[in-house]
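Proteins get letters first, then strands, A, B, ... in listed order; numbering begins at 1 in each. Not measured: the values here are computed from a predicted model.
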Amino acid sequence: MTEMTSETYHPAVLEPAIREFWETERLHRADRGDGETYYCLSMFPYPSGKLHMGHMRNYTICDVMSRYQIMRGRRVLQPMGWDAFGLPAENAAMANGVPPAEWTRANIRHMRGQLQSLGFAIDWEREIATCNPDYYRWNQWFFLQLLERGIAYQKTGTVNWDPVDQTVLANEQVLDGRGWRTGALVEKREIPMYYLRITDYAQELLDSLDQLDGWPDRVRAMQANWIGRSEGAEIAFACTDQVIKVFTTRPDTLMGATFMAVAAEHPLACRAAESNPELAAFIRECQKGGVSEADIATQEKLGMDTGLTATHPLTGEQIPVWIANYVLMGYGEGAIMAVPAHDERDFEFARKYDLPIRQVIALPEGQAYDDRRWHESYAAKDGTLVDSGPYTGLSCADGFAAIVADLEKKGAGKARVQFRLRDWGISRQRYWGCPIPIIHCQDCGAVPVPEEDLPVVLPEDLVPDGAGNPLKRCEAFLNVPCPKCGKPARRETDTMDTFVDSSWYFLRYTCPDNDRAMVDERTAEWMPVDQYIGGIEHAILHLLYARFWTRLMRDQGLVSVDEPFARLLTQGMVLAETFYREDENGRRTWFNPAEVEVQRDAKGGVVSAVRVEDGQPVIPGGVEKMAKSKNNGVDPQALVDQYGADTVRLFSMFAAPPEQSLEWSEAGVEGSWRFLRRLWNGVQRHAAQGVVTDVLEVRKLDDNGLALRRLLHETIAKVTDDFGRRLTFNTAIAAVMECCNGLARFEPSATNDRALVQECWTALVRLIAPVTPHLSEALWRKLGADGSVFDAGWPAVDESALARQTVTLVVQVNGKVRGRIEAAPGSEQELVEGLARAEPNVARFIADKTIRKVIVVPDKLVNIVAA
RNA sequence: GCCGGGGUGGCGGAACUGGUAGACGCGCCGGACUCAAAAUCCGGUUCUGGCAACAGAGUGCGGGUUCGAUUCCCGCCCCCGGCACCA
């Protein structure tokens, strides 16, 4: 073990040796020790090729929290696995002709090695990959259970269709309304798909957000908005021989409804179009463009009169029925009653097509309704109804109730709760995913694959070429006898959304070796996850689906928890400076920060930047998320090779608190490197004078010694709070640095002083160990200890060391700091006030004034209010 | 468009419950060591004025509450994330 006791800090030699020691001791096994369990989980990576800074940051946060808990005596599960199905593997296959399976598995091998070189306390014996049949067979098995329970069902859904490639496109593959490969205008198309009834759980998913007090408020708010509960009414409008059902949150404004609008896909629209070619053309027009909510919300509002009229259920009046592209088939009933006077979208539409606007809510005193310009007060819900027949004079709330009651009497409507949340469509028309275990038979229809025939194994040798799912051309996969009647039948070729894979992987880590069941009794031992860490970009979809899926498994009797993740930390993005040059056509070439040198003025401000290679200037393009398109990615591996894992870990934890975005800086990394070397040298110099065996005698310390000891114990208290409660690792590291600076200034004179220095180092090395595990492990040995620093326990605060003789109080005059005074802690108000007035600079400011009031905050501040 | 978050020195950030704005680190300036450079060590560093003591200004912009506001309230501006088939 000479590598571990070398006199100079050589992480390239030291770190592998330390990891070998951990490996031999099997220090990272989740079932090591007998403490209380702690499940610390990061969102598993998509194996894109190599580790990027975002991964590095995510897993470092997770490892710091895991190692802190290990040192506190907990039995920690920190697993790792691979979200291995998905679109990028198909894109890579198209680019290189390599089957997605091969590409994915090679990436996993490479990234596993990278993760291991970072020294994370991961239990690798529990690794999983979602593309392995022993994982995804349970997707299939559970899907069949859901089908039986009626949670999974089939209906049509809208997808992006590329008419040239004859294939379905992901939203990501639609650029400015065109297919990414063909450039063809994308169309909407309706195809049959499998859905899960997440809406059955909408209320529960919403209600239990309140109990998730370990989650950031903003994530809970985003989920609540996404679920989008609204109370309103469904109202039936008669239209020729049929009924148009609408959902509205504002039945109180029913008397102001002047027209109706239905979605282009609404059955009534389709029927009206049969006899009206102009309408049919308009509906086709509406089918252009993408399906994403952002596309629909930003497109221009378009509409066309169907020529039909509907009967107002209360007045009997005939109002026109329009087709409008801002009405969505997927929400509510796919039809609305339009009240342009009090709804902004309806207002805009009515103005454009010159439809009547009828005000039915009074405006605040002094404000007049202007039907040429929208004002947000028009949508207020706290007004009084006007021009509303029998309801005139009622408040909106009373009008709501009265109108709903009358509709109910007439059988034309009732109160209803509507969720914005839609059922989860899990079918994907792609190859590289988990096959949906269904067999299509001409006679028997869609037949579930019998349980004993699972898994339906995805053939791994196919290469997608962009023209649709290659499974559709794979006869060996397609052809299968019908499980019911035995006649030749065909397999379903759609695969599952990868969000299915990631909705329960955290359960599988607890029992990855079980080939007889999806989960087992070990699952209950670890669940729920104590701490989950991942990107804010997953705040809604992944986290909502995982919460839903956990409930599905609960209702199947497979797990006992409602909520999978007790605490959640959403880490910020990793950013870096960008640099570019522009050619005469305005095209930009981006240069990696590593090839650029910045030039500064005498104050340190950046004045210009040049590319090192040619010495020519480049333009700084601001700080952006690390991305291929801006060529500002920094490779963590290169930095680990150069500085060692501990330095890179330290910088990524020090540069920003975990929830905020982190701006990468090479100079900052060097600063972290310098700190670690100072730390190493400090311990080295201390240890070189011989190991201290004498017990520290606090009584013998002089003022300097007592001050250092107070600093040390303040630091222990601060770091413990930052790691355990606040999760602000940056301030914890700053506190350790501050304490090291204080220790460096201390000059030990007696043997007893050296015992104090020994106390400081043994505490500091442990305090920083979760962040810099290799270095701390080695220094722990230098300090004369046996065994791993991670078995050494967390340093304890000695309360008696925190006592102070005096405290400094700030003295303000009219809120401005004018001086400072020293006083014994807990001094009486009158004494402090007297000292404050006597302070020379303070006295100067109050000399010719009358004192009106004096505010004293004990041991902190005095504010003298004088005029 | 809708929902969510953010804006503090030259830079990353700190200030936790309304109580010293700028901890810690980077950068920069000066010094020590060196033939020299790198590395290292020591000192300084919000801006303006001043030799200094100190004074004035200052947390995106405009208002408000308060003895006191980066922190709370109202109105704006700018940047970022998500929007259901990227993961």
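- Screening Y643(A), W664(A), W673(A) against F651(A) for a ring-ring contact (aromatic ring centres under 6.0 Å, His included) leaves a single residue, W664(A).
- Pairing for rG1(B) goes to rC83(B), judged as Watson-Crick or G-U wobble with the two contacts each under 3.5 Å.
- Looking at heavy-atom distances under 4.0 Å, Y46(A) makes contact with sugar-phosphate atoms alone, never a base.
- One can find a donor-acceptor pair under 3.5 Å joining the base of rC85(B) and the side-chain atoms of Q429(A).
- Using C1' as the reference atom, rU45(B) and rG22(B) are 12 Å apart when rounded to the nearest Å.
- Close placement of the W424(A) and Y545(A) rings is indicated, their centers lying within 6.0 Å of each other.
- Under 4.0 Å is where a charged nitrogen must lie from a carboxylate oxygen, and between K352(A) and E300(A) at least one such pair does.
- Each of A744(A) and I191(A) was matched to the nucleotide of RNA chain B holding its nearest heavy atom; the match closer to the 5' end belongs to A744(A).
- With a cut-off of 3.5 Å on both Watson-Crick or G-U wobble distances, the partner of rU40(B) is given as rA32(B).
- We find that CZ of F499(A) is positioned 8 Å from P of rC85(B), with the value rounded to whole Å.
- On the P atoms, rU48(B) is 24 Å away from rG43(B), given to the nearest whole Å.
- Protein atom CG of L650(A) is 14 Å distant from nucleotide atom C1' of rG13(B), rounded to whole Å.
- When distances are taken from the side chain of R422(A) to each of rA84(B), rG82(B), rG4(B), the shortest belongs to rA84(B).
- Atom pair R677(A):CZ and rG25(B):C1' shows a separation of 16 Å (rounding to whole Å applied).
- The residues D217(A) and R220(A) are annotated as salt-bridged, a charged nitrogen and a carboxylate oxygen being separated by less than 4.0 angstrom.
- Taking the six-membered ring for Trp and the full ring otherwise, the centers of W82(A) and Y505(A) sit at least 6.0 Å from each other.
- Nucleotide rG27(B) has rU45(B) as its partner under the Watson-Crick or G-U criteria, with both atom distances under 3.5 Å.
- Nucleotides of RNA chain B nearest to V865(A) and H538(A) differ in position, and the one nearer the 5' end is that of V865(A).
- rG56(B) and rA69(B) are spaced 15 Å apart, taking the P atom of each and rounding to whole Å.
- Judged by distance alone with a 3.5 Å cut-off, a donor-acceptor contact links the side chain of R820(A) to the base of rU20(B).
- Of the candidate nucleotides rA87(B), rA21(B), rG81(B), rG81(B) has the atom lying nearest to any side-chain atom of M573(A).
- Rounded to an integer number of Å, the gap from CZ of R220(A) to P of rG5(B) is 12 Å.
- At least one side-chain heavy atom of Q223(A) sits under 4.5 Å from a side-chain heavy atom of L543(A).
- When rounded to the nearest whole Å, the span between NZ of K718(A) and P of rA14(B) equals 10 Å.
- As judged by a 4.0 angstrom heavy-atom cut-off over every strand, S661(A) is placed among residues touching the sugar-phosphate backbone only.
- Pair assignment for rC72(B): rG64(B), on the basis of Watson-Crick or G-U wobble contacts that are both within less than 3.5 Å.
- Across all strands shown, K816(A) has heavy atoms under 4.0 Å from sugar-phosphate atoms exclusively, and none from any base.
- In this structure, CD of E738(A) is placed 12 Å from P of rA15(B), rounded to the nearest angstrom.
- Separating the CG atom of N225(A) from the P atom of rG82(B) is a distance of 17 Å, rounded to the nearest angstrom.
- With its glycosidic angle within 90° of 0, rG9(B) adopts the syn conformation.
- rU8(B) and rC78(B) are spaced 16 Å apart, taking the C1' atom of each and rounding to whole Å.
- No hydrogens or angles were tested; on distance alone, nothing pairs the side chain of N171(A) with the base of rC85(B) as donor and acceptor under 3.5 Å.
- Look at CD on E839(A): it is 14 Å from P on rA53(B), rounded to the nearest Å.
- Residue R852(A) places no side-chain atom within donor-acceptor reach of the base of rC67(B), judged by atom type and a 3.5 Å distance cut-off alone.
- Here I733(A) lies out of heavy-atom contact (under 4.0 Å) with every strand.
- By the 4.0 Å N-to-carboxylate-O rule, E714(A) lies close enough to R804(A) to be salt-bridged with it.
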